[in-house]
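Structure first, commentary second.
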Amino acid sequence: MIEFDGVRKTYRVRGQETLALEVERLTIERGEVFGIVGHSGAGKSTLLRLINLLERPSQGRVVVEGEDVTRLAPAQLRAFRRRIGMIFQHFNLLSSKTVAENVAFPLRIAGTESKAAIAARVEELLALVGLSEHAGKYPAQLSGGQKQRVGIARALACRPSILLSDEATSALDPQTTRSVLQLLSDINRRLGLTIVLVTHEMDAVRRVCDRVAVMDGGRVVETGPVSEVFLHPRHPTTREFVLESEHVDTSEFLENLRKAAGRVVRLTFKGEATYRPLLGEVVRRFGVDFSILAGRIDHIKNVPYGQLTLSLVGGDVEEALQALAGAGVDVEVLR
Amino acid sequence: MTQWLVNVDWLEIGRACWDTLVMVGVSLFFAVLLGLPLGIALFLTGKRQLLEQPIVYAVLSFVVNLLRSVPFVILLIVMIPVTVVLVGTSLGVPGAIPPLVVGGAPLFARLVETALREVDRGIVEATQAMGATVPQIVFGALLPEALPGILAGVTVTSITLVSYAAMSGVIGGGGLGDLAIRFGYQRFQTDVMVITVALLVVLVQLLQMLGDRLVLRFSRR
Ligand SMILES: Nc1ncnc2c1ncn2[C@@H]1O[C@H](COP(=O)(O)OP(=O)(O)OP(=O)(O)O)[C@@H](O)[C@H]1O
Ligand SMILES: [Mg+2]
């Protein structure tokens, strides 16, 4: 478990204290994949780097697995950092070392295992990330996705209980992004590792995260289970992110809403309800006509969902909405 | 042609060549030995670096700048008492080595500092995140990553030392420079002058070529 308690981080810029981050309270549970999203400069990296103390809080406490990390002595801090893996947007691999040497590096630093044990562990890790044949290559000879896999293998070398990821897929193409996210998801499940994933892509959050915090201007403006935050965004920044990730042009969407007749509602189907012909049944029963303004069917982690924005005219709209709500559909009246 | 090369004593030239190589080789060895830790210290104590120490950095930087701003000819003369204490003479090949080291080490230290700064901060950060100590970061990550840059620095330093070594001929330092001064300049034997300069040119070209090869050999980017 990772807890932030009254944490503030300020930087001195040209003699002036400027606030980069202010988090009153935030808890990341053990074993979950926790997403942190926000625009550039929102403070995501700062928040992440507070966890392994690459950045020291100006105020407040960061408690990781019951330990206040700000009070660790230097040697304790180094031992603590070995229990936390970290991956980066630009991989940060050592260009002078081969793939195998890069993965062995944290083990050599730890200095707790024999040469043979390290070699065996490296082999195991490279198999885990699917790079066994590339052990002798140098990072410059690998693709971006392969480099990030080396980064992941290296981060896992000391069997950490927490993995920090700072925009680890932001330099990759969509397909490679998906396979790297899949790998992280597998690792989370198989090793029970807590993953904290900083990203500016809602899509990455949707794919792998259990819970998410949305940041804006150095503060956490919204936090909750991904399905909740995704399907019912409350804060304007969150809304913007969700719409962006659905490739909806906000102004166009609002224009559509303005033109639509009758009642405008957003229906959210989750899990099994996604596959039942509920909408047809209900509109027939209550004689309601509808037109679709926006719609999407997708998955959040492994749960399917559908979300439709409809304008409803004629018939008994109120009754129809109640019937839908009664069948487990989430109904939001937009207008 | 043979008429023109009448003053050239090839045996003397050969000896001078060897002397120059010894002066450059030995002084390069010590310049690297002293300059490398000095360069690492400059880097580590610098602004926003691992062991930021503004006062230590300012002092080191001042000393390095001071040594580098003194013209080498002056350094040769100023160093004479120190040289005598160190190697027993201020003449010949041994007498030239201390000033060469003092001239070369600060240059090399700066080149090492620059090469280390060129290493991506992300590498240091990743290594720190692994729980590495500062020596582990320096020897495990920074130096291997900066190796091509440091080798380029060795090359530049060695070439500078060739020209400094030639200059040391002014105070009787031995080697090709000494020959050029004694015969070429003082006795107007232009052919000796031309030969020694040509040999120096060849030496510099060879050093640069060798250096470039080494840099390439260790570049994995
Ligand atoms: N070393 C520093 N000195 C001064 N200000 C800093 C420093 N590091 C970060 N900041 C400031 O803190 C704020 C948060 O930065 P941070 O890097 O955490 O943002 P981010 O959300 O990760 O952005 P991005 O998506 O661009 O990586 C920014 O306003 C930034 O300017
Ligand atoms: Mg960032």
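Heavy atoms only: backbone and side chains are in, while hydrogens, waters and symmetry mates are out. Each chain gets a letter, A, B and so on, in the order the sequences are listed, and its residues count up from 1.
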If you count the non-hydrogen atoms of other residues, nucleotides and ligands that lie under 6.0 Å from [atom1] in [X], is the total more than 12?
X	atom1	answer
Glu17(A)	CD	yes
Phe80(A)	CZ	yes
Glu123(A)	CD	no
Ile55(B)	CD1	no

Heavy-atom pair with the smallest gap, counting every atom of [X] and [Y]:
X	Y	answer
Glu125(B)	Arg49(A)	OE2-NH1, 2.5 Å
Ile123(B)	Leu93(A)	CD1-O, 3.0 Å
Met130(B)	Arg81(A)	C-CB, 4.4 Å
Gly131(B)	Ile109(A)	O-CG2, 3.9 Å
Ser95(A)	Arg220(B)	O-CB, 2.9 Å

Among Ala140(A), Gly151(A), Ser96(A), residue most engaged with chain B (heavy-atom pairs, under 4.5 Å): Ser96(A)

Backbone of Gly122(B) reached by a side-chain donor or acceptor of Asn92(A) within 3.5 Å: yes

Carboxylate-amine/guanidinium proximity below 4.0 Å for Glu145(B) and Lys97(A): no

At a heavy-atom separation under 4.5 Å, does [X] approach chain B through its side chain, its backbone, both, or neither?
X	answer
Arg83(A)	neither
Ile87(A)	neither
Leu54(A)	side chain

When Val124(B), Thr133(B), Ile137(B) are compared by non-hydrogen pairs under 4.5 Å with chain A, the top option: Thr133(B)

